[in-house]
Amino acid sequence: MPLVEVDDLSVSFKQYTKGFKHKEVKVIHNLSFSINAGEIVAVVGSSGSGKSLLAHAILGILPRNANVSGTIHYDGKELTPSLQEKLRGKELAFVPQSVNFLNPLMEVEKQVRGALKGKDSFKTQKEIFEKYNLSTDVEKLYPFQLSGGMARRILVSTAVINKAKFIIADEPTPGLDQTVVKEALSSFKAFADNGTAVMFITHDIQSALSVADKIAVFYAGTTVEVAPVEDFTGSGERLRHPYSKALWRALPQNEFRPIPGSQPKGDELPRGCLFAPRCDMTTTECLEHLPEKRVLRNGMVRCIHAT
Amino acid sequence: MQLEARNVSFRYRRKKWLFRDINLTVQPGEVVGLAGPSGCGKTTLARILAGYEKPSNGTVLFNDAPLPKTGYHPIQLVFQHPEKAINPKWPMKAVLEEAGNLDVELLERLGIQENWLQRWPNELSGGELQRFCIARALGPGTQFLIADEMTTMLDTITQAQIWHGVMDIVRNRNIGIIIISHDTVLLKRLVSRYIDFPLLNKDKVSY
């Protein structure tokens with residue numbers, strides 16, 4: 001049984017345009033996602049594809065004007081707002097994107113300890129700092145004084161101080177040099193080896209491939225494909241969805257050739273397949289309805305033409 | 001029309017030197033890649049070259065003269081996070097027009113769709129916003145462009161789209177470009193000269 005199972009999740013916002021006129025902006029729709037204990041699942045896709053919002057939905061930290069439907073199960077139980085509140089910061093941990101998520105006016109050691117109560121908190125915090133190679137002078141620094149690499153290690157420390165069962169890391173690697181990236185990735189690997197499930201949100205496909213077990217590809221608010229990492233190879237012929245293939249081929253180490261166009265906005269989504277306007281396999285059937293997800297070669301795909 | 005950093009050094013107040021005596025010359029039309037570990041001062045150097053920061057010692061010369069203090073700055077910088085470089089309370093059209101009249105051809109080359117101009121910053125994705133930041137930085141007066149982790153936050157398709165567009169434009173207009181990135185594969189694809197930042201820094205400090 002998966003540790004976390006998201007089924008048919010949709011999230012939309014009501015956006016006021018002028019006066020009392022408003023429009024419905026769908027940011028996530030019919031999204032399914034699951035992760036097992038000890039597994040690392042990377043979530044890739046362009047910005048605005050709903051990656052971070054999925055994380056926020058699982059944690060229960062979406063803005064109040066969000067309309068949510070669908071179900072999320074955690075450890076077999078339905079993840080209700082009260083359960084989210086109970087688990088958040090403990091069993092459910094979050095490694096945010098940047099130091100902007102830290103309190104700018106508080107020394108970092110206090111923030112790392114913050115999640116923890118009791119007299120052992122000092123000891124645990126010191127152990128964690130030592131483990132992540134953060135010297136004692138770092139403890140008294142404020143967030144703006146940290147370098148990118150230190151900041152990353154601090155953010156990871158805040159998440160792991162409570163021995164989480166499920167860690168969501170939102171874009172933990174961009175803008176960091178290779179050594180720091182490797183370090184961050186190996187810490188995720190270590191959590192997974194200890195039975196923690198790690199959801200790794202990124203658009204750095206290369207990093208994702210080096211640690212993840214499988215990769216979920218998001219496009220315009222839904223999962224278009226879930227594939228084992230081994231399928232990301234060659235010119236992408238083993239991938240299932242045309243968007244995943246395009247994403248893979250556009251990497252500088254592959255062809256570096258982009259497909260034209262851009263992802264549709266949440267308030268002007270096409271009726272049928274969301275990728276149809278940019279796809280060269282589009283047929284009339286694609287334009288009629290959103291393809292159902294189906295299991296294909298040890299993965300999942302949402303495309304009627306995939307083989 | 002070259003851009004030159006001559007013995008540029010920098011430190012915050014009385015703290016230890018971030019870097020010392022950096023010498024670097026970039027020619028018009030040249031594509032230079034700059035890499036180095038995080039915290040080594042790449043961004044600070046970029047800010048100095050673009051006039052956002054004054055060096056503690058040394059000078060930046062454009063066309064063999066100090067950087068202009070007023071008017072359009074010939075050296076433009078594009079940052080990593082577009083959402084922090086755009087006024088959230090301005091529609092996108094106003095964001096662009098702050099830098100001068102709209103250049104329709106430039107917008108097209110960067111893949112900016114006309115209906116995006118009517119949108120607010122929070123309605124656009126990071127990749128779309130970054131295209132606006134680049135368009136804004138590529139006004140007619142721009143002679144050099146510094147791209148500081150410009151596409152790091154973007155997916156691979158958007159990244160490739162943006163770089164193909166930008167390289168076309170700088171080639172046509174003979175603009176020199178400095179690309180700061182940790183992605184060595186990307187740099188290899190784009191640059192004609194590669195610089196390892198720590199080797200520029202005479203004051204060998206450990207990071």
Side-chain angles (χ1 to χ4, degrees), chain A residues 13 15 17 23 25 44-52 97-98 100 145-152 171 173-181 202-206 217-220 243-263 265-268 278, chain B residues 12 15 18 35-43 79-84 110-113 115-116 118-120 122-131 148-165 167 180-190 197-198 207:
Chain A
F13 293 99
Q15 212 168 54
T17 44
K23 58 185 176 186
V25 182
V44 304
S46 66
S47 60
S49 64
K51 305 189 297 275
S52 298
Q97 271 187 28
S98 75
N100 291 352
Q145 295 170 304
L146 304 171
S147 79
M150 281 186 224
R152 183 54 48 207
E171 308 264 12
T173 55
L176 300 176
D177 61 76
Q178 285 312 311
T179 2
V180 186
V181 170
T202 185
H203 39 240
D204 181 354
I205 297 182
Q206 222 51 43
V217 182
F218 279 31
Y219 184 75
Y243 177 68
S244 327
K245 292 185 190 198
L247 207 56
W248 174 244
R249 289 190 189 135
L251 267 176
Q253 43 272 67
N254 298 337
E255 294 164 42
F256 200 45
R257 202 179 315 131
I259 53 163
S262 58
Q263 180 176 264
K265 304 245 162 307
D267 56 354
E268 38 188 50
R278 300 172 77 185
Chain B
Y12 285 102
K15 298 233 168 93
L18 187 55
S38 63
C40 75
K42 304 182 295 292
T43 297
F79 301 90
Q80 179 176 350
H81 299 283
E83 61 283 359
K84 292 190 205 163
L110 288 170
I112 295 175
Q113 290 170 18
N115 60 353
W116 295 354
Q118 275 28 279
R119 299 236 176 207
W120 296 91
N122 65 0
E123 297 177 312
L124 297 181
S125 72
E128 287 153 7
L129 291 177
Q130 192 63 298
R131 292 169 204 257
D148 188 0
E149 299 282 5
M150 185 168 82
T151 53
T152 310
M153 300 304 292
L154 309 177
D155 66 280
T156 56
I157 296 173
T158 312
Q159 166 170 289
Q161 281 179 345
I162 286 183
W163 278 116
H164 283 285
M167 295 314 272
I180 299 176
S181 177
H182 285 115
D183 188 343
T184 42
V185 191
L186 177 70
L187 288 180
K188 255 183 226 149
R189 274 273 177 187
L190 300 169
F197 189 87
Y207 303 111

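Because the structure is a prediction, the values reported are computed rather than measured. Sequence lines set the chain letters: A, B, ... in the order given, protein chains first and strands last, and positions in each chain run from 1.
In this structure, no portion of A/R152 lies under 4.5 Å from any heavy atom of chain B. Of the atoms belonging to B/W163, it is side-chain heavy atoms, and not backbone ones, that fall under 4.5 Å from chain A. Only the side chain of A/D267 comes within contact range of chain B, with at least one heavy atom under 4.5 Å from a heavy atom of that chain. Using a 4.5 Å cut-off between heavy atoms, B/D148 makes no contact with chain A at all. Proximity to chain A is absent for every atom of B/K42, based on heavy atoms less than 4.5 angstrom apart. When heavy atoms are compared at a cutoff of 4.5 Å, B/I180 does not approach chain A at all. Contact of B/E128 with chain A is made through the side chain alone, with heavy-atom distances under 4.5 Å. Contact annotation for A/L146: neither backbone nor side-chain heavy atoms come within less than 4.5 Å of a heavy atom of chain B.
The heavy-atom pair separating A/I259 from B/Q161 by the smallest distance is O-NE2, 2.7 Å.
Side chains of B/N115 and A/E268 form a contact here, defined as non-hydrogen atoms less than 4.5 Å apart.
Of the inter-residue distances, the one linking A/S262 atom OG with B/R131 atom CZ reads 6.5 Å to the nearest 0.5 angstrom. Interatomic distance, OH of B/Y12 versus CD of A/Q145, reported as 11.0 Å (0.5 Å rounding). Between atom CG of residue A/L251 and atom OG1 of residue B/T156 there is a gap of 5.0 Å, rounded to the nearest 0.5 Å.
At distances below 3.5 Å, at least one donor-acceptor pair connects side-chain atoms of A/H203 with backbone N or O atoms of B/M153.
In this structure, B/D155 does not pair ionically with A/K51, as no charged nitrogen and carboxylate oxygen lie closer than 4.0 Å.
The most heavy-atom pairs under 4.5 Å with chain A, out of B/E123, B/Q159, B/H81, come from B/E123.
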